[in-house]
Chemist: 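Provided herewith is a single structure, encoded as structure tokens, for subsequent inquiry.
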Amino acid sequence: MLKTLVTDVDGTITDRRRRINTAAVETIRTLVDAGIEVVLASGNTVCFMDGLCKMVGTDGTIIGENGGVYRRGFSGTLRIPGDQEVCREAFKVLNDYFAGKGVELELYSAQYRFADVAFARNIDPDEARAIIRDHGLPVRVLDTGFAIHLQTPGVSKGTALVELAREMGLSPSEMMAVGDSENDIEMLEAAGIGVAVRNAPVRTLSAADWVSEEGYGDGFVEAVKKYYPYLFSR
Ligand SMILES: O=C(O)COP(=O)(O)O
Ligand SMILES: [Mg+2]
């Protein structure tokens, strides 16, 4: 029995321009009204997620910063498994390297982040990975399709899902997770059912138990209807 739905945000309940899919919002409300908890799991910041939870209509349980932070409900304790210090150090190294090539890195919402570092996708993530590796830095480089993130190894949406499940008194096998990108792979693997929407890259598609026909928000709606058919039978 799938008691909880964990969904990625950008590229899964939005379109490629980050505009929210209104049918996906309606679908989430149908789940919430039926007593199924919906967890929003994203690379985004806690404050962004809080506004989104309020307006979509969930109870505020979130995974943010790709698992660097998570929290049960709006008033739960914010857990911060990520280590921002090492990510900041790695960012400095990348910033210097790319500045030497005349490329400026643009940080995203740095003042609102507790655990990771996010910046614009105007560089090749593989080049960034090579620099990080050459410097022996203990940091992962993640390309979400919307931003590049630096994250502590061993911290992911998947580890946060497992920790959150424990806090909720559930098994990860009672959770379904939906995502669209490489930052969702561990979460799709950790959940009882992992779904990728059609727009996902190959590695994410192969990590999923099921892939939607449609992409983006329409794929999300399709997945929820498949796994919760009794809520949509009329
Ligand atoms: O913050 C990002 O880069 C992408 O966010 P997402 O995890 O909701 O797709
Ligand atoms: Mg995404």
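Counting starts at 1 for both ligands and their atoms, in listed order. Note that the numbering runs from 1 along the sequence shown for the chain.
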Chemist: Applying side-chain hydrogen bond (donor to acceptor under 3.5 Å, both in side chains), can you list everything that pairs with D126, at least two apart in sequence or on another chain?
Modeler: R129
Chemist: Is R72 salt-bridged to E167, cutoff N-O under 4.0 Å?
Modeler: no
Chemist: Tell me which pairs pass side chain to side chain donor-acceptor pair (under 3.5 Å) where either residue lies in residues 192-214, with sequence neighbours left out.
Modeler: none
Chemist: Would one find more than 12 heavy atoms of other residues, nucleotides or ligands at under 6.0 Å from atom OH of Y112?
Modeler: no
Chemist: Any ion pair linking D15 and R18 (charged N to carboxylate O, less than 4.0 Å)?
Modeler: no
Chemist: Would you mind running through ligand 1 and noting each atom that sits below 4.0 Å from a heavy atom of S42?
Modeler: 5 (O), 6 (P), 7 (O), 8 (O)
Chemist: Any chance CZ of R29 has more than 12 other-residue heavy atoms, nucleotides or ligands included, within less than 6.0 Å?
Modeler: yes
Chemist: If you count the atoms of ligand 1 from 1 in the order shown, which ones are under 4.0 Å from a heavy atom of A147?
Modeler: 3 (O)
Chemist: Looking only at distances, please establish whether an N/O atom of ligand 1 is found under 3.5 Å from an N/O atom of F146.
Modeler: no
Chemist: Can you check the number of protein N/O/S atoms within less than 2.8 Å of the Mg ion (ligand 2)?
Modeler: 3
Chemist: Quick one: which ligand 1 atoms are inside 4.0 Å of a heavy atom on N183?
Modeler: 7 (O)
Chemist: My understanding is that we take every heavy atom of each candidate and find the minimum distance to atom 9 (O) of ligand 1. Doing that for D143, T45, D8, which one comes out nearest?
Modeler: D8
Chemist: Please determine, by modelled atom types, if T61 and E37 share a side-chain donor-acceptor pair under 3.5 angstrom.
Modeler: yes
Chemist: Ion pair present between E186 and R140, side-chain N to carboxylate O less than 4.0 angstrom?
Modeler: yes
Chemist: Determine which pairs satisfy side chain to side chain donor-acceptor pair (under 3.5 Å) with at least one residue from residues 218-229, sequence neighbours left out, and list them in order.
Modeler: N21-D218
Chemist: Does a donor on one side chain and an acceptor on the other come within less than 3.5 Å for Y97 and E127?
Modeler: yes
Chemist: Would you confirm whether Q84, through its side chain, and D116, through its main-chain N or O, come within 3.5 Å as a donor-acceptor pair?
Modeler: yes
Chemist: Which option, D10, I13, T12, owns the non-hydrogen atom nearest atom 5 (O) of ligand 1?
Modeler: D10
Chemist: Number the atoms of ligand 1 from 1 as they appear, then name those within less than 4.0 Å of a heavy atom of V9, with their elements.
Modeler: 8 (O)
Chemist: Under 3.5 Å between any N/O of D184 and any N/O of ligand 1: does that happen in this structure?
Modeler: no
Chemist: Side chain or backbone of T144 under 4.0 Å from ligand 1, or both, or neither, by non-hydrogen atoms?
Modeler: side chain
Chemist: Provide the number and element of each atom of ligand 1 under 4.0 Å from a heavy atom of H149.
Modeler: 1 (O), 2 (C), 3 (O)
Chemist: Would G11 count as a polar contact of ligand 1, with the cut-off being nitrogen or oxygen pairs under 3.5 Å?
Modeler: no
